[in-house]
Amino acid sequence: MISGYVQNGLYDEAINLFHEMKNAGQKPDHVSLMSMLVASGRQGNLLNGTEIHAFSLRNGLDSDLQVGNTLVDMYAKCGKLDYMDSVFGRMLHRDSVSWTTIIAAYAQNNFPWKAVQLFYKVQAEGSHVDALMIGSVLLACTELRCNLLAKEIHCYVIKRGIYDPFMQKTLVSVYGDCGNVDYANSIFRLSEVKDVVSFTSMMCSYVQNGLANEALGLMLCMNEMRIEADFVAVLSMLTAAADLSSLRKGKEIHGFLVRKGLLLQDSIRSSLIDMYASCGTLENSYKVFNYLKSKDPVCWTSMINACGLHGCGRKAIDIFTRMEKENIHPDHITFLAVLRACSHVALIEDGKRIFKIMQSKYALEPWPEHYACFVDLLGRANHLEEAFQIVKTMNLEDIPAVWCALLGACQVYANKELGEIAAMKLLELEPKNPGNYVLVSNAYAATNRWDDVEDVRVTMKGKGLKKDPACSWIEVGDKVHTFIAQDKSHPECDKIYEKLAYLTEKLEKEAGYVAQTKYVLHKVEEKEKVKLLKGHSERLAIAYSLLASNDRNPIRITKNLRVCSDCHTFSKLASKYLEREIIVRDAKRFHHFRDGICSCGDFW
DNA sequence: ATAGGGTTAG
């Protein structure tokens, strides 16, 4: 009876029955003890677990191998690795279950290298290795993001002939997490039996590696094979739709969820909130959020993030305040969302207050991301000196993201001195990140240091580093069309350029648009600069959307980098001239252009 | 009646 309760997740019932049994004068044996330990471990109830441990010591049941293994697992699941170690160390005998348990424990508790070491030890001692042990070692690979190690284990498994369908699925996600989509894909393709989990693993690998289109392609493939998505599969589909800003796909998935009655999961709701916000429809995020009855902090964080993304900093803070009133505990990511929301609209005092209570009231130690965000908030609000002081007094000088934030602000306010310091520091800390060279070069360009701009670009090239090209995309019908600057690859290329030239001319003549070449951050001739600006990817996307549709619906564009100032002006004027809303999602936030005005108030 | 691994949201 006790075991039945535990198998069905009814841990409190199991514990009550266990005590009832003791009160009735029945003495627990090693079997009932194990059930109790499993219950304690899954609940993370250290007190219960320790009590059972003590009982087993008093009654001489602790020397049993299975009891020992379960004790190791119980302490691991309660996060007490020191207790776990001492139980493991005192075991008289160990089998492959003991090793698997402790390897999984280290892998899941932030000591993946220890897990790997133990695996090597198992091999050295010649102990038995089975599929379950490999499963735990693969968890460690994922944590380490070590592609080489994954390959090594992969080979080992093939050589030893312990390759099972479970492991195939695990390997797909391990390779995906290690950034090796090609291997993940080949294992997926070669696996004979594909189920929801196989598909989900592969879709996640795609999404994690920025290949949302491919993930949605698999979704179609799954439909064709009549494999129905479960809620985990839907989570990655929603993330893919959000990445692409594919409102059509997102709504399609939402519809599927409604038909299947899968809406009650909190994880699904938070994904929906995020998807609708990422697709530019904050109203829909609100609708999903307002149905919310649960106290799940993730959903609240999603909604705060959604508001922040659309420049509604006040609303983000309001939701945070409501969250506090309802006694829902904000965590690190909640605070990142609130701080970002503040930084998008320069709510300095609120940002400071929230950064403070995060530490004082909630005892959360800021992550590097929080510091970077805080420095960004101050810096971009033109409190550069204060931001710099914070970097120095809080000892943030070894965090690259902090210098990125400071340098970005220096670019906005054309600050030469501080910009130079930040640039040097950043390139010293992270000399292999191409994004840093672009940022440094842009900051130099902002202060007219064209020779230095050229130097940085040359250095970058010399190191073989390449930046992602700027691109914009737009969903028309059931297709996503992608454009890079000066793109000539679209089948309707000629018409697009014709349309864009016409629109540009209209804006010049009727709305006073003049290309601002000071925003071109390359050292080229003036004429060339104008040409570069006029071929920016979001303008191609706007032109294409005009060709593709005649309606008055908003034009929704997504781009991978931040919007440039000249395109910002262009979009404002175009929204008024065309009498159409233009909604742009850039790398950090949304811009809603309407009637010649942008929702960001020209601050971004 | 009894112990260990896999897909997953902000």
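Note that the coordinates shown come from a computational prediction; the quantities given were computed from them, not determined experimentally. Numbers restart at 1 for each chain; the letters A, B, ... are given by sequence-line order, proteins then strands.
Note on A/Ala105: nothing from the nucleic acid sits closer than 4.0 angstrom, heavy atoms only. Counting non-hydrogen atoms under 4.0 angstrom, A/Thr200 reaches a base of the nucleic acid. At a threshold of 4.0 angstrom between heavy atoms, the contacts of A/Ile333 include nucleobase atoms, whether or not backbone atoms are also involved. Among the protein residues, A/Asp64 comes within range of no part of the nucleic acid, since none of its heavy atoms lies under 4.0 Å from any strand. If you check every strand for non-hydrogen atoms under 4.0 Å, A/Asp195 touches nothing. Counting non-hydrogen atoms under 4.0 angstrom, A/Ser267 reaches a base of the nucleic acid. In this structure, A/Phe231 reaches the bases: a heavy-atom distance under 4.0 Å links it to at least one base atom across the strands shown. At a threshold of 4.0 angstrom between heavy atoms, the contacts of A/Ser236 with the nucleic acid are absent. At a threshold of 4.0 angstrom between heavy atoms, the contacts of A/Ser302 are confined to the sugar-phosphate backbone, with no base atom among them.
A donor-acceptor contact under 3.5 angstrom links the side-chain atoms of A/Asp331 to the base of B/dG10. Counting atom types as modelled, A/Ser136 pairs no side-chain N or O with a base atom of B/dG5 as donor and acceptor under 3.5 Å. The base of B/dG10 lies close enough to the side chain of A/Thr334 for a donor and an acceptor atom to sit less than 3.5 Å apart. No N or O donor and acceptor, one from the side chain of A/Thr70 and one from the base of B/dA3, sit under 3.5 Å apart. With hydrogens and angles ignored, a donor-acceptor pair under 3.5 angstrom links the side chain of A/Asp130 to the base of B/dG4. Taking only distance into account, the side chain of A/Thr100 meets the base of B/dG4 through a donor-acceptor pair shorter than 3.5 Å.
Annotation: cation-pi pair A/Lys159/A/Tyr156 absent, no NZ/CZ under 6.0 Å from the ring centroid and within 45° of its normal. Judged by the 6.0 Å and 45° rule, A/Lys352 forms no cation-pi pair with A/Phe355.
The nucleotide whose nearest atom lies closest to any side-chain atom of A/Asn305 is, among B/dT2, B/dG10, B/dT8, B/dG10. The listed nucleotides are B/dA9, B/dG10, B/dG4; the one nearest the side chain of A/Ser96 is B/dG4. In this structure, of B/dT7, B/dG6, B/dT2, it is B/dT7 that holds the atom nearest to the side chain of A/Val232. Set against B/dG5, B/dA9, B/dT8, the side chain of A/Cys204 has B/dT8 as its closest nucleotide. Side-chain proximity of A/Ser3 to the nucleotides B/dA9, B/dG4, B/dA1 is greatest for B/dA1. Here the side chain of A/Asp29 is nearest to one of B/dA1, B/dG4, B/dT8, namely B/dA1.
Remark: A/Gln7 is not in phosphate contact with B/dA1, judged by side-chain N or O atoms under 4.0 Å from OP1 or OP2. An OP1 or OP2 oxygen of B/dG6 is reached within less than 4.0 angstrom by a side-chain nitrogen or oxygen of A/Gln108. OP1 or OP2 of B/dT7 has not a single side-chain nitrogen or oxygen of A/Lys194 nearer than 4.0 Å. Regarding contacts with the backbone of B/dT7, every side-chain N or O of A/Ser173 stays at 4.0 angstrom or more from both OP1 and OP2.
Computed from coordinates, the A/Tyr75 OH to B/dG4 P distance equals 17 Å when rounded to whole Å. Atom CD1 in A/Ile153 sits roughly 17 Å away from atom P in B/dG5 (whole-Å rounding). Rounded to whole Å, atom C1' of B/dA3 lies 10 Å from atom NZ of A/Lys77. The CG-C1' distance, from A/Leu218 to B/dT7, rounds to 13 Å in whole Å.
Checked against the 6.0 Å centroid threshold, A/Tyr276 and A/Tyr286 do not count as a close aromatic pair.
The main-chain N or O of A/Leu235 is found under 3.5 Å from a side-chain atom of A/Thr239 such that the two form a donor-acceptor pair. Remark: side-chain polar atoms of A/Ser245 are not paired, donor with acceptor, to backbone N or O of A/Ala241 under 3.5 angstrom. No side-chain donor-acceptor contact under 3.5 Å links A/His344 to the backbone of A/Ala341.
Using cut-offs of 30° and 60° on the angle between ring planes, the pair A/Tyr362 and A/Phe320 is perpendicular.
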